[in-house]
Amino acid sequence: MITQTALLSLLEQTLQPSKIKDYCPNGIQVEGTMQIKKIVTGVTASQAMIDAAIAADADAILVHHGYFWKGENQTITSLKKKRIKSILMADINLIAYHLPLDIHPTLGNNAQLAKRFNIINVEGLEIGNPVSVAVKGELEQMQTLEQLTKTITDSLGRIPLVEGEASKEIRTVAWCSGGGQSFIEMAGEQGIDAFISGEVSEQTIHLAREYDIAFIAAGHHATERYGVKALGEFVAQELDVEVQFIDIDNPA
Ligand SMILES: [Zn+2]
């Protein structure tokens with residue numbers, strides 16, 4: 001058993017959310033019990049995630065996608081009322097980290113993908129930005145686009161959308177988990193061989209063709225599972241608390 005304060009201070013110290021501007025509040029979003037025995041982690045604080053947390057008898061939910069996004073309706077009505085009511089009635093803490101969890105150099109979504117896809121020499125894609133959200137690196141060995149696609153498919157357990165010649169040789173790769181597809185332009189400008197993101201937009205394909213950069217959309221959910229999972233494992237190692245990762249599957 002740990003206190004809510006101990007958990008939040010470890011998370012703040014690790015993820016340092018004040019270093020990056022974000023579209024949502026990072027840290028505690030809905031306050032629950034002060035004593036925490038069990039934490040569940042997951043990608044998004046959907047109703048299914050909340051129900052699973054209640055069923056697991058959790059005292060805290062730690063997610064990548066929480067609530068209160070910039071520009072969203074500020075009222076607590078409809079589905080949002082149902083979600084927040086469930087959390088408050090169960091006295092659960094909802095804790096969310098968005099961009100700080102994408103960019104963390106070891107636990108972050110991008111860093112976890114580098115590990116899974118065997119990418120080395122990782123650095124920021126946004127030149128001169130110390131907190132670059134998109135990153136770039138090199139494959140340990142030259143691979144064709146077909147081989148890289150297979151690595152990604154096997155690693156994420158999901159068939160990605162691919163644009164480019166299967167035989168194209170790939171050495172340099174840039175990527176951004178989730179909805180980071182617009183960074184393809186920056187990768188194209190830098191002459192990188194392949195760009196990976198979670199989502200795809202109609203225009204991403206045209207940009208890929210015109211920059212002659214291979215493009216892989218591997219899924220928003222699939223590319224953002226591993227950061228929060230790694231963060232949960234880190235918390236369990238550092239503090240005397242039980243942590244369970246719950247994957248609510250999402251094909252997007
Ligand atoms: Zn996301």
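Note that ligands are numbered from 1 as they come in the structure, with each ligand's atoms numbered from 1 the same way. For the numbers below, each heavy atom of this structure counts, side chains included, while hydrogens, waters and symmetry mates do not.
- Between the side chains of H221 and D247, at least one donor-acceptor pair of N or O atoms lies under 3.5 Å.
- For the residue pair T172 and D193, a side-chain donor N or O sits within less than 3.5 Å of a side-chain acceptor on the partner.
- Here H65 reaches the Zn ion (ligand 1): one of its N/O/S atoms is less than 2.8 Å from the metal.
- For H220 and H65, the gap between ring centers is short of 6.0 Å.
- Checking H220 against the Zn ion (ligand 1), an N/O/S atom falls under the 2.8 Å cut-off.
- Distance check for E224 against the Zn ion (ligand 1): an N/O/S atom falls below 2.8 Å.
- A donor-acceptor pair under 3.5 Å links the side-chain atoms of Q190 to the main chain of L125, judged by distance alone.
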